[in-house]
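Excluded from the calculations below are hydrogen atoms, water molecules and symmetry mates; all remaining heavy atoms, backbone and side chain alike, are included. All values reported here derive from a predicted model rather than from experimental measurement.
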Amino acid sequence: MRDLFLTELDRARTLDGFLLHAFVVMPEHVHLVATPRTTPLANSLAAIKRRTAQTTLKEWRRTGHPLLASALAPDGSARFWQRGGGYDRMIRDHDELAEKVIYTENNPVRRGVVARAHEWAWSSAASRHSPESASVQVDRIA
């Protein structure tokens with residue numbers, strides 16, 4: 001699922017042209033630091049979430065994955081993502097942007113899953129560390 005999310009993130013970044021400054025995909029949540037250009041970021045995020053959910057739920061149904069039951073309501077409808085649009089924040093200056101990038105990329109370190117941020121494959125820290133093998137390119141924060 002993490003790889004699928006990154007594929008959809010890269011697709012949306014390319015199609016919608018938003019600037020992606022940082023990201024991390026954790027086992028149960030995602031952090032993104034992005035700047036919209038022409039398309040509202042909410043539209044891009046909705047597309048990423050919709051395609052990720054549709055593909056994952058289809059695979060879970062095909063394989064009978066045990067997590068499928070937790071995503072199904074009694075009426076058979078599915079909910080893959082939590083309700084709500086997330087926690088958007090207005091970043092006011094370069095220093096705050098840099099702080100949010102560091103916070104985002106260090107999430108796996110704070111959680112104790114890696115010793116150094118770039119060791120977590122599903123993050124912009126890994127993409128910055130090895131740009132030639134990055135699944136998603138990140139934009140510099142200048």
Side-chain angles (χ1 to χ4, degrees), residues 1-74 77-142:
M1 283 187 302
R2 291 178 291 213
D3 293 333
L4 171 61
F5 181 86
L6 291 181
T7 297
E8 295 302 338
L9 176 62
D10 192 51
R11 177 191 302 189
R13 179 184 172 277
T14 302
L15 293 176
D16 298 341
F18 58 84
L19 297 176
L20 181 62
H21 307 292
F23 67 89
V24 65
V25 181
M26 297 297 290
E28 76 292 342
H29 71 280
V30 174
H31 289 276
L32 300 175
V33 180
T35 303
R37 285 192 176 171
T38 56
T39 302
L41 204 48
N43 294 2
S44 300
L45 295 177
I48 293 166
K49 290 169 72 174
R50 182 179 55 255
R51 289 191 296 257
T52 301
Q54 288 172 341
T55 303
T56 301
L57 290 168
K58 181 179 178 181
E59 179 65 10
W60 285 1
R61 284 184 174 107
R62 186 185 71 75
T63 62
H65 195 285
L67 286 178
L68 179 61
S70 66
L72 295 178
S77 64
R79 171 156 297 281
F80 185 80
W81 298 97
Q82 289 182 338
R83 294 190 187 281
Y87 301 98
D88 294 346
R89 301 288 185 267
M90 176 68 74
I91 297 176
R92 302 190 189 287
D93 58 36
H94 182 271
D95 290 342
E96 187 176 2
L97 176 60
E99 184 269 324
K100 297 301 182 196
V101 167
I102 291 167
Y103 173 85
T104 296
E105 291 183 347
N106 279 299
N107 200 276
V109 176
R110 284 191 308 279
R111 292 280 299 277
V113 295
V114 293
R116 292 176 299 232
H118 72 268
E119 295 171 346
W120 188 250
W122 304 277
S123 74
S124 50
S127 293
R128 284 184 221 289
H129 185 73
S130 299
E132 65 284 348
S133 63
S135 59
V136 179
Q137 297 299 314
V138 288
D139 297 293
R140 295 176 52 96
I141 60 170

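- Although no hydrogens or angles enter the test, the distance criterion places a donor-acceptor pair under 3.5 Å between the side chain of S127 and the main chain of V136.
- Environment of CZ in R92: sparse, with no more than 12 heavy atoms of neighbouring residues, nucleotides or ligands closer than 6.0 Å.
- Distance CG/L9 to CZ/R51: 10.5 Å, rounded to 0.5 Å.
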Problem set entry | Stepwise side chain to side chain contact (heavy atoms under 4.5 Å, CB included) check, H29 with N107 | CA-CA 11 Å; H29 71 280; N107 200 276; 3.5 Å; yes
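- Distance check: I102 CD1 to L97 CG gives 10.0 Å after rounding to the nearest 0.5 Å.
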For this session: Please lay out, stage by stage, how R111 and W120 fare under the test side chain to side chain contact (heavy atoms under 4.5 Å, CB included).
Result: CA-CA 11 Å; R111 292 280 299 277; W120 188 250; over 6 Å; no
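- W81 contributes no side-chain N or O that, together with a main-chain N or O of R50, makes up a donor-acceptor pair within less than 3.5 Å.
- Contact detail for A78 and L72: the closest heavy-atom pair is CB-CD2, 3.9 Å.
- Checking each of L32, L6, D3 against V25 for a side-chain contact (heavy atoms from CB on, under 4.5 Å) leaves exactly one that passes, namely L6.
- Side-chain atoms of T104 never come within 3.5 Å of backbone atoms of F23 as a donor-acceptor pair (strictly under, hydrogens ignored).
- Looking at D139, its side chain never comes within 3.5 Å of a backbone N or O of H21 through a donor-acceptor pair.
- Formation of a donor-acceptor pair under 3.5 Å by the T52 side chain with backbone atoms of K49 is not found in this model.
- In this pair, H65 and W60 present their aromatic rings parallel. The plane angle is below 30°, not in the 30 to 60° band.
- A distance of 9.5 Å separates NZ in K58 from CZ in R62, rounded to the nearest 0.5 Å.
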For this session: Go through the steps for H129 and R116 under the test side chain to side chain contact (heavy atoms under 4.5 Å, CB included), then give the verdict.
Result: CA-CA 11 Å; H129 185 73; R116 292 176 299 232; over 6 Å; no
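- Looking only at atom types and distance, the side chain of E105 has no donor-acceptor partner in the side chain of S123 under 3.5 Å away.
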For this session: Go through the steps for V24 and V30 under the test side chain to side chain contact (heavy atoms under 4.5 Å, CB included), then give the verdict.
Result: CA-CA 6 Å; V24 65; V30 174; over 6 Å; no
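- Formation of a donor-acceptor pair under 3.5 Å by the R2 side chain with backbone atoms of A121 is not found in this model.
- Nearest approach of F18 to L41, heavy atoms of both residues: CG-CD1, 3.8 Å.
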